[in-house]
Amino acid sequence: MTRIITYGTFDTFHWGHMSMLQRAREMGDWLAVGLSTDEFNKIKGKHSHFSYERRMEILRGVKYVDLIFPETSWEQKRADIIKYNIDIFVIGDDWRGKFDDLSDLCRIIYLPRSADISSTLIKNSLQK
Ligand code: C2G
């Protein structure tokens, strides 16, 4: 059984998020998602339109996701990978190279981001 992990905010859930989760899940048999809490988003310099609870409800409905747990710090990834016995860490290529230090624990794969869609784009259109 190949176990995958990914992380994100998944605000104003859209096609780019779905595609990322689908491609991540198809690399193995089980996908865990570390969902950024509202407090961790502040540390990341992000503000999400939807609360952690709402973002979690949406992710729960995605058939590619097997487990959701809170992402509360930058440093927790090593412990998560060990705890969930992870084989592959997958994230979008906007993070290329940023998590290479975890490569002693598992494979690291940066997948291409979907073009022409983002939470920022959706939020900006909502404000108009
Ligand atoms: N994504 C994508 N295409 C888009 C937008 C997002 O493939 N058009 C991917 C990102 O690359 C990421 C995932 O969807 O793998 C979640 O994106 P975000 O919610 O923007 O994640 P982010 O806030 O960058 O959090 O510690 C890591 C962070 O928590 C990542």
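Position 1 is the first residue of the sequence; numbering continues from there. For ligands, and for the atoms within them, numbers begin at 1 and follow the listed sequence.
- Considering backbone and side-chain atoms together, D11 places no N or O closer than 3.5 Å to any N or O of ligand 1.
- For the pair Y7 (side chain) and F89 (backbone), a donor-acceptor distance under 3.5 Å is absent.
- The local environment of CZ in R78 is crowded, with over 12 non-hydrogen atoms from other residues, nucleotides or ligands closer than 6.0 Å.
- Close contacts between ligand 1 and H14 involve ligand atoms 4 (C), 5 (C), 8 (N) [criterion: under 4.0 Å to a heavy atom].
- Protein heavy atom at the shortest distance from atom 20 (O) of ligand 1 is K46 NZ, 3.0 Å.
- Applying the side chain to side chain donor-acceptor pair (under 3.5 Å) test to pairs two or more places apart or on separate chains, those with a residue in residues 83-99 are D94-R113.
- Ring centroid separation for the pair F50 and F10 does not come in under the 6.0 Å cut-off.
- A salt bridge links E57 and R60; the closest N-O separation between the charged side-chain nitrogens and carboxylate oxygens is under 4.0 Å.
- When only non-hydrogen protein atoms are considered, atom 6 (C) of ligand 1 lies nearest to R113 NH1, 3.5 Å.
- Salt bridge annotation for D66-R3: absent, with no cationic side-chain nitrogen under 4.0 angstrom from a carboxylate oxygen.
- Using a 3.5 Å distance cut-off with no hydrogens or angles, the side chains of K46 and S119 do not pair a donor with an acceptor.
- Atom 28 (C) of ligand 1 has its closest protein heavy atom at K44 NZ, 3.5 Å.
- The nearest heavy-atom contact from the protein to atom 24 (O) of ligand 1 is W95 NE1, 3.0 Å.
- Nearest non-hydrogen protein atom to atom 3 (N) of ligand 1 is S114 N, 3.1 Å.
- The protein heavy atom nearest to atom 26 (O) of ligand 1 is E71 OE2, 2.6 Å.
- In this structure, atom 14 (O) of ligand 1 lies nearest to the protein heavy atom H17 CD2, 3.6 Å.
- Residue F40 places no N or O, backbone or side chain, under 3.5 Å from any N or O of ligand 1.
- Looking only at protein heavy atoms, the nearest one to atom 15 (O) of ligand 1 is G92 N, 3.0 Å.
- At a 4.0 Å cut-off, at least one heavy atom of W74 sits close enough to ligand 1 to count as contact.
- Where the criterion is an N or O separation shorter than 3.5 Å, residue side chain and backbone included, D94 meets it with respect to ligand 1.
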